[in-house]
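Structure record follows, encoded as structure tokens.
What you see below is based on every heavy atom in this structure, not just the backbone, and it leaves out hydrogens, waters and symmetry mates.
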Amino acid sequence: MKKAWYLIYFLVGAGLVISGFATTERGLKENNREVLYKVADDYKELGDLGFVGFDPLDYRIAFSDGKKDTLVSYDDGKCDYEKRDSVYDGLAASIYEDGNEFEVVVPEYDTWITIETIENEPLSVVIWHEGFHAYQNTYHKLLDKVSGEILSETELAEIVDTDNELKRLYSKELEVLSRINSEENYGDAEKIAVEYCKIAAQRRELLSDQAFSSEKYFEMAEGTAYYVESKAIQYENGQDSYEKKYLDTAGEYADGNAKYYRHGMLECMLLDKLDPDWKASYSFDKPLCDLIEEKIS
């Protein structure tokens, strides 16, 4: 898959303690099947979340134990599956391009349950996140739209996370964007958008074209997927869990790639306020910040 590093969502070592139940089952394990049923039930309530054509179960789901994948096609409660060697070394949540089709690859439930205990993130929600990446590339060819060379997380961090002024301005962007979710709201959405765009323009002057394009790409690709993920968590785990995991930390700067997930999610939330129908026509052909500027111009 092109630039496979950009979509790897979570990697775990082989030393995880794996729960023993269901490990002797042959074929598709019942707990993996139940995860797909959960996603299907979520979809009945959440739908495409405004992204026309999005359904996380439109794509085959590969449950991996790090050595073998169980590749499942879900269709209205029916699960057809086949076995194959794992397409990724180790355990990963990501997407995989097989010919002209994208698949979702996730650890099987017996492995993920250990991570879920720590992260409070059900495997069904991971499928929503990675399913959205499959949607981005199936419907909108997101990887093919990348202009120029997109820096890896490590390369970008060396530029951004070591520059105090870049960090200060990005922290300010996050703080301003996160006001959209505060009780007081600190003014209406348009005022927040104007203030955010002003700070973003200042910061743009300090970035090379390559670093700027890389940041905007991560915000668009991962931020929108994080937004989708957050909606699934909100529905599955309730408002308190949603606020604690996503909103309470949204305004925090973090070295590495996490800040771009949060920033992109907040841009989506601001766009929801500026234009509730923005997602219906969005084709991932421009950065989210550009779309915000268009809404207030």
Decide whether [X] and [Y] meet the rule of one side-chain donor and one side-chain acceptor closer than 3.5 Å.
X	Y	value
Glu108	Ser64	no
Ser73	Asp80	no
Lys83	Thr70	yes
Ser213	Gln210	no
His133	Glu222	yes
Asp161	Tyr253	yes
Glu34	Tyr109	no
Lys279	Tyr227	yes

Could you check whether [X] pairs with [Y] (Lys NZ or Arg NE/NH1/NH2 to Asp/Glu carboxylate O, under 4.0 Å)?
X	Y	result
Arg60	Glu82	yes
Lys259	Glu252	no
Lys68	Asp65	no
Glu195	Lys198	no
Asp188	Lys273	no
Lys244	Asp240	no

Q: Could you walk me through whether Ser152 and Glu155 pass side chain to side chain donor-acceptor pair (under 3.5 Å), step by step?
A: CA-CA 5 Å; Ser152 70; Glu155 293 170 323; 3.3 Å; yes
Q) Where is the tightest heavy-atom contact between Val160 and Glu215, given as atom of each residue plus distance? A) CG2-OE2, 3.3 Å
Q: Return the orientation label for the Phe51 and Tyr135 ring planes: parallel under 30°, perpendicular over 60°, tilted otherwise.
A: perpendicular
(Q) Students often mix this up, so state it plainly: with edges at 30° and 60°, are the rings of Tyr88 and Tyr96 parallel, tilted or perpendicular? (A) perpendicular
Hey, is the main chain of [Y] close enough, under 3.5 Å, to the side chain of [X] for a donor-acceptor pair?
X	Y	value
Asp255	Ala157	no
Thr162	Glu158	yes
Arg179	Ile192	no
Asp69	Val105	no

Grouping I, L, V, M, F, W and Y whenever their side-chain heavy atoms are under 4.5 Å apart, do [X] and [Y] come out in a common cluster?
X	Y	answer
Leu206	Leu156	yes
Val39	Leu71	no
Ile296	Met269	yes
Leu57	Tyr59	yes
Ile233	Leu46	yes

Q: Rounded to the nearest 0.5 Å, what's the gap from CG on Asn237 to OH on Tyr242? Could you check?
A: 13.0 Å
Q | Between OG1 on residue Thr138 and CG on residue Asn100, distance to nearest 0.5 Å | A | 10.0 Å
Q | Check: Leu177 and Leu270 side chains under 4.5 Å, non-hydrogen atoms | A | yes
Q) Around Glu101, counting heavy atoms of other residues, nucleotides and ligands shown, do more than 12 lie under 6.0 Å from its CD? A) no
Q: Check Thr111, Val106, Ile115 against Leu91 for a side-chain contact (heavy atoms from CB on, under 4.5 Å) and give me the one that passes.
A: Thr111
Q | Passing candidate, side-chain contact (heavy atoms from CB on, under 4.5 Å) with Cys268, options Trp278, Tyr226, Tyr282 | A | Trp278
Q: Mind running side chain to side chain donor-acceptor pair (under 3.5 Å) on Gln234 and Tyr246 for me, showing each step along the way?
A: CA-CA 9 Å; Gln234 185 179 25; Tyr246 296 92; over 6 Å; no
Q) Could Arg203 and Tyr170 be counted as a cation-pi pair, given that NZ or CZ must be under 6.0 Å from the ring centre and within 45° of the axis? A) no
